[in-house]
Amino acid sequence: MSSMTILIPGPCTTVQDEGLIGKRSQGYPLCGVLDKPSTMKANRLLDNRPFAPVLEIPYGRFSCRVHGETWMAVCGAEVSIYVNGLPVDRTRKIHVQAEDYLTIEPPTQGYRVYLAVKGGFSVPLFLGSASTCLKIHMGG
């Protein structure tokens, strides 16, 4: 399993998955990815389950350093993506080596970008979900 250091997080990057399913009757708010098709596409490119945890990156620049070899996929808004300063195709999965830098520029069209990694992000679950819910300070 690889890890990453986020260098530029963007204005409000969060970890999201499908969200809390069936928990509204218990008083929990809706949470989870806002663009389900983009999330599913990013995860499908990596052979992950459809709603494996992703980073949901609202409008803004994002940059990270990857600490192990892995595959990534970026879907959602139209963005330019760079690995170590070199442009990469946003319609395909992206192979990164240990200590590579991945940068996602602010969108030229659209608002949210979804970054998936092979195997999904490993984060603690709350009521079975990896989603961040800022309203109740859950996840993240």
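The figures here come from the full heavy-atom set of this structure, side chains too, leaving out hydrogens, waters and symmetry mates.
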note = Separation between CD1 (I57) and CD1 (I8), nearest 0.5 Å, reads 11.5 Å
key: Contact summary for R92 and L45, nearest pair of heavy atoms   = C-CD1, 4.5 Å
key: Atom pair SG (C12) and CG (L134), whose distance is rounded to the nearest 0.5 Å   = 5.0 Å
task = Kindly say whether L46 contributes a backbone atom to a donor-acceptor pair with the side chain of K93 at under 3.5 angstrom?
result = no
request  = Kindly say whether S63 contributes a backbone atom to a donor-acceptor pair with the side chain of T103 at under 3.5 angstrom?
outcome  = no
request  = Decide yes or no for R112 and S38: does some side-chain heavy atom of the first lie under 4.5 Å from some side-chain heavy atom of the second?
outcome  = no
key: Verify same cluster id: I6, V66 (apolar side-chain graph, 4.5 Å)   = yes
W71 and H95 aromatic ring geometry - parallel, tilted or perpendicular at 30°/60° bounds = tilted
request  = Considering non-hydrogen atoms only, spot the tightest contact between C31 and S131 and give its length.
outcome  = SG-CB, 3.9 Å
query = V123, V33: one ILVMFWY side-chain cluster at the under-4.5 Å cut-off?
reply = no
request  = Quick one: closest heavy-atom pair of A73 and A42, and the distance?
outcome  = CB-O, 3.6 Å
Residue pair S129 / L20: nearest heavy atoms and the distance that separates them = CB-CD2, 3.7 Å
message = Could you check whether any side-chain heavy atom of Y101 comes within less than 4.5 Å of a side-chain heavy atom of L7, counting everything from C-beta outward?
response = yes
query = Ignoring hydrogens and geometry, is there a side-chain-to-backbone donor-acceptor pair from N48 to G119 under 3.5 Å?
reply = yes
inquiry  = Give me the atom names and distance for the closest heavy-atom approach of V15 to A130.
reply    = CG1-O, 3.5 Å
request  = Determine, using the 4.5 Å side-chain heavy-atom cutoff (strictly less than), whether I81 and M4 are members of one ILVMFWY cluster.
outcome  = yes
key: N43 side chain vs P50 backbone, donor-acceptor pair below 3.5 Å   = yes
request  = Among Q16, K36, E56, find the one that has a side-chain hydrogen bond (donor to acceptor under 3.5 Å, both in side chains) with Y114.
outcome  = E56
request  = State, to 0.1 Å, how close A77 and Q109 come at their nearest heavy-atom pair, and which atoms those are.
outcome  = CB-O, 3.3 Å
key: Cluster overlap F51 with V113, hydrophobic side-chain contacts below 4.5 Å   = no
query = If we only count heavy atoms from C-beta on, is the H67 to E99 side-chain gap below 4.5 Å?
reply = yes
key: Atom pair OG1 (T39) and CG (L55), whose distance is rounded to the nearest 0.5 Å   = 10.5 Å
ask   = Is it the case that one hydrophobic cluster holds both L102 and V117, taking links as side-chain heavy atoms less than 4.5 Å apart, direct or via other members?
value = yes
remark   = Residues passing the ring pair (Phe, Tyr, Trp, His ring centres under 6.0 Å) test with F126, sequence neighbours excluded, are Y28
